[in-house]
Asks: 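My structure is below; once you've seen it, I'll send some questions.
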2 protein chains.
Amino acid sequence: MAIFTKGVHCGSCNLKMNLFCYLSDEQLDIINNDRYEVHFHKGEVIFKQGGPLTHIACLTSGLAKVYIEGHDKKNMILKVLKPTELVGGPGFTVDYRQHFSVSTLSESSACLIDIRAFEKMIKTNAEFSFAFIKYLNETTIALHDKLMNLTHKQMHGRIADTLLYLSKEIYRSSTFDTPLTRQDLADMSAMTKESAIRILKELKDDNIIDFNSSGFNILNEPGLIQISITG
Amino acid sequence: MAIFTKGVHCGSCNLKMNLFCYLSDEQLDIINNDRYEVHFHKGEVIFKQGGPLTHIACLTSGLAKVYIEGHDKKNMILKVLKPTELVGGPGFTVDYRQHFSVSTLSESSACLIDIRAFEKMIKTNAEFSFAFIKYLNETTIALHDKLMNLTHKQMHGRIADTLLYLSKEIYRSSTFDTPLTRQDLADMSAMTKESAIRILKELKDDNIIDFNSSGFNILNEPGLIQISITG
DNA sequence: AAATCATGTTGACATTTGTCATTATTTTTC
DNA sequence: GAAAAATAATGACAAATGTCAACATGATTT
């Protein structure tokens, strides 16, 4: 678990950017007063599944993965987190335990917000609460989408979805270098790493994508989208 | 879509049972004033995916299924709804469209609550809003669970999960008769109906379960749980 | 530079799962 | 009650996917 080495105020994380814009200056002060910036090395765990939910995190630099840990190292990566996204956890208001793990894919920083301060805002500011409900519902819609993609598409479609997600949502570029390993790509696509490698090779052979040690390049995005649709 | 044949006040749906217990009598009056009870025949659609989200429903009698419609009639049943459960929809606060369909599995009644009245309660009552957030988070936890089960378990484990869900959560009995078809059981377990039939037969041959035209009987629950775990 | 370790790749093979055709059974309709 | 339609069941087969073993590559340590 994250250790608060020092109480450094997090200046790089402008809370007003997120749903915190609904807070009054006074309320913002309350949250600002006990939030801390923590630096994480590559591969370190920010939140651990099963552990206590004491804080909400806002990734301020670097990249992280949010994943559910299953049996036999069979993990499922729910999403990739980039600055300056929030990550809470559905245990909030329920059992105050983490229902997924979050770990960094590169050197990263995160701003940790005390869950009690967050909870107070929810209970005292209805606009803020409403915005948070919207955030939760958007998460649910994304989860539904993932559920359908992973259960109703074959491997080619699932890998296409993963590549399009990285290209469009995370890196916003048709070429990108990524610290995600083949195992990570497999964990995002619900398959073994061997299968992921095979499908990637096929897509490369068909000139839909290209890749080497320095990253991926989507050569034929319409083709990749077609594969994503036909599954 | 549901047609409001008549403005019949819904007496059988005691809103105080659900999260509505956080409302003041005054607020409860506001919601009570424009809610209606509607009867649905077996197989009728209460909410249609893609359609407008104008109401929240509380099933007051009967049974319904909540499902995402995919391509080629490949549906995914998210949950079975029984009295007196609420069903909203993640489109609330987002795009005000339905992101899943709800249809009845038997003759049913539902109490429909205007989404604007509901939204007003969210915005004016922080305790209510907090309870609703808890409800949303519980839904998300259940979705995570489903995602893991469906992507990381083989068919035997998935069918076992479905049977245990029906037995424990829905019917609360080791024997139950259900209007769910084999296709429905398959749609809950992310497989084809032929596969569902085959697995059910295997479980029957192994004396883990029994079934006939009048319903299911779980003979060896520990065995079924073991299958669910080893997947 | 050698050694070690993590990650990536490939091939052979077994298993799982879906598809399709066919027949039985049940339910609904007339 | 007969006919039609929906649902259930079964078998043969093909396709998708995982498993395992082997080896390659690259990064890190010594």
Side-chain angles (χ1 to χ4, degrees), chain A residues 41-43 65 70-77 103 105-107 149-160 162 177-205 209-216 227 230-231, chain B residues 41-44 65 70-77 103 105-107 149-160 162-163 177-205 209-216 227 230-231:
Chain A
H41 295 296
K42 177 175 178 169
K65 58 178 175 180
H71 297 124
D72 307 323
K73 298 193 180 265
K74 295 230 174 194
N75 298 341
M76 157 107 278
I77 295 182
S103 74
L105 294 163
S106 62
E107 294 291 308
N149 288 342
L150 294 182
T151 58
H152 284 0
K153 287 182 185 176
Q154 303 194 172
M155 294 197 298
H156 289 77
R158 306 209 296 274
I159 284 286
T162 295
D177 196 358
T178 178
L180 289 163
T181 66
R182 297 294 190 255
Q183 182 66 59
D184 286 331
L185 296 178
D187 286 346
M188 294 173 77
S189 314
M191 65 185 68
T192 62
K193 69 172 187 305
E194 289 93 336
S195 289
I197 288 167
R198 259 181 274 266
I199 309 289
L200 287 172
K201 182 178 155 56
E202 280 184 49
L203 292 174
K204 189 179 190 176
D205 289 345
I209 64 168
D210 189 26
F211 59 87
N212 52 44
S213 59
S214 79
F216 288 89
I227 291 169
T230 59
Chain B
H41 294 297
K42 176 174 178 171
E44 288 188 331
K65 58 178 175 180
H71 296 122
D72 308 322
K73 300 197 179 261
K74 296 230 174 193
N75 298 338
M76 157 107 279
I77 295 182
S103 73
L105 294 162
S106 62
E107 294 291 309
N149 288 342
L150 295 182
T151 57
H152 284 357
K153 286 182 185 175
Q154 303 194 169
M155 293 197 298
H156 290 78
R158 305 209 297 271
I159 284 285
T162 294
L163 291 171
D177 195 359
T178 178
L180 289 163
T181 65
R182 298 292 191 259
Q183 181 66 60
D184 286 331
L185 297 178
D187 286 346
M188 294 173 77
S189 314
M191 65 185 67
T192 61
K193 67 175 188 305
E194 290 93 334
S195 289
I197 289 168
R198 260 182 274 265
I199 309 289
L200 287 171
K201 182 179 157 51
E202 280 184 48
L203 292 175
K204 189 180 190 176
D205 290 344
I209 65 169
D210 190 25
F211 60 86
N212 51 42
S213 58
S214 80
F216 288 89
I227 291 169
T230 58

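Throughout, a chain's letter reflects where its sequence line sits, starting with A, and its residues are numbered from 1. Just so you know, these numbers come straight off a predicted model, no measurement behind them.
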Asks: With rounding to the nearest 0.5 angstrom, report the NZ to OG distance, A:K153 to A:S189.
Replies: 11.0 Å

Asks: For A:D187 and A:D184, indicate whether the former's side chain and the latter's backbone hold a donor-acceptor pair under 3.5 Å.
Replies: no

Asks: Just call it for B:K193: base, sugar-phosphate, or nothing, with non-hydrogen atoms closer than 4.0 Å on any strand.
Replies: nothing

Asks: Nearest 0.5 Å, what's the OG1-NE2 distance between B:T230 and B:H156?
Replies: 10.0 Å

Asks: List, with names and distances, any nitrogen or oxygen atoms from the protein found under 3.5 Å away from nitrogen or oxygen atoms belonging to nucleotides 24-27 of chain D.
Replies:
none

Asks: When the distance from CD1 of B:I159 to P of C:dT17 is rounded to whole Å, what number comes out?
Replies: 11 Å

Asks: Atom CZ of B:R182 and atom P of C:dA24: how far apart are they, to the nearest Å?
Replies: 19 Å

Asks: For A:I197 and C:dG11, give me the distance from atom CD1 to atom P, rounded to whole Å.
Replies: 12 Å

Asks: Below 4.5 Å, heavy atoms only, C-beta onward: do A:D205 and A:K201 meet side chain to side chain?
Replies: yes

Asks: Could you give the CG-to-C1' distance, from A:D205 to C:dT9, as a whole number of Å?
Replies: 13 Å

Asks: Does B:L203 reach the side chain of B:F211, with side-chain heavy atoms less than 4.5 Å apart?
Replies: no

Asks: Taking CD1 from A:I199 and P from D:dA15, how many angstroms apart are they, rounded to a whole number?
Replies: 16 Å

Asks: Calculate the interatomic distance between B:Q183 atom CD and C:dT19 atom P; express it in whole Å.
Replies: 11 Å

Asks: Any heavy-atom pair between the side chains of B:I159 and B:I227 that's under 4.5 Å?
Replies: no

Asks: Got a second to check how far A:S103's OG is from A:K42's NZ, nearest 0.5 Å?
Replies: 11.0 Å

Asks: Roughly how far apart are A:R158 CZ and A:I199 CD1, rounded to 0.5 Å?
Replies: 8.5 Å

Asks: Mind calculating the distance between NE2 (B:H41) and P (C:dT28) to the nearest angstrom?
Replies: 14 Å

Asks: Return the value, rounded to whole Å, for the distance between atom CG of B:L203 and atom P of D:dA9.
Replies: 13 Å

Asks: Protein-nucleotides 18-23 of chain D N/O pairs closer than 3.5 Å?
Replies:
unit_1 : atom_1 : unit_2 : atom_2 : d
D:dG18 : OP2    : A:S195 : OG     : 2.9
D:dT19 : O4     : A:R198 : NH2    : 3.1
D:dC20 : N4     : A:E194 : OE2    : 3.3

Asks: Please name all residues satisfying salt bridge (Lys or Arg N to Asp or Glu O under 4.0 Å) with B:K74, sequence neighbours left out, ordered by chain then number.
Replies: none

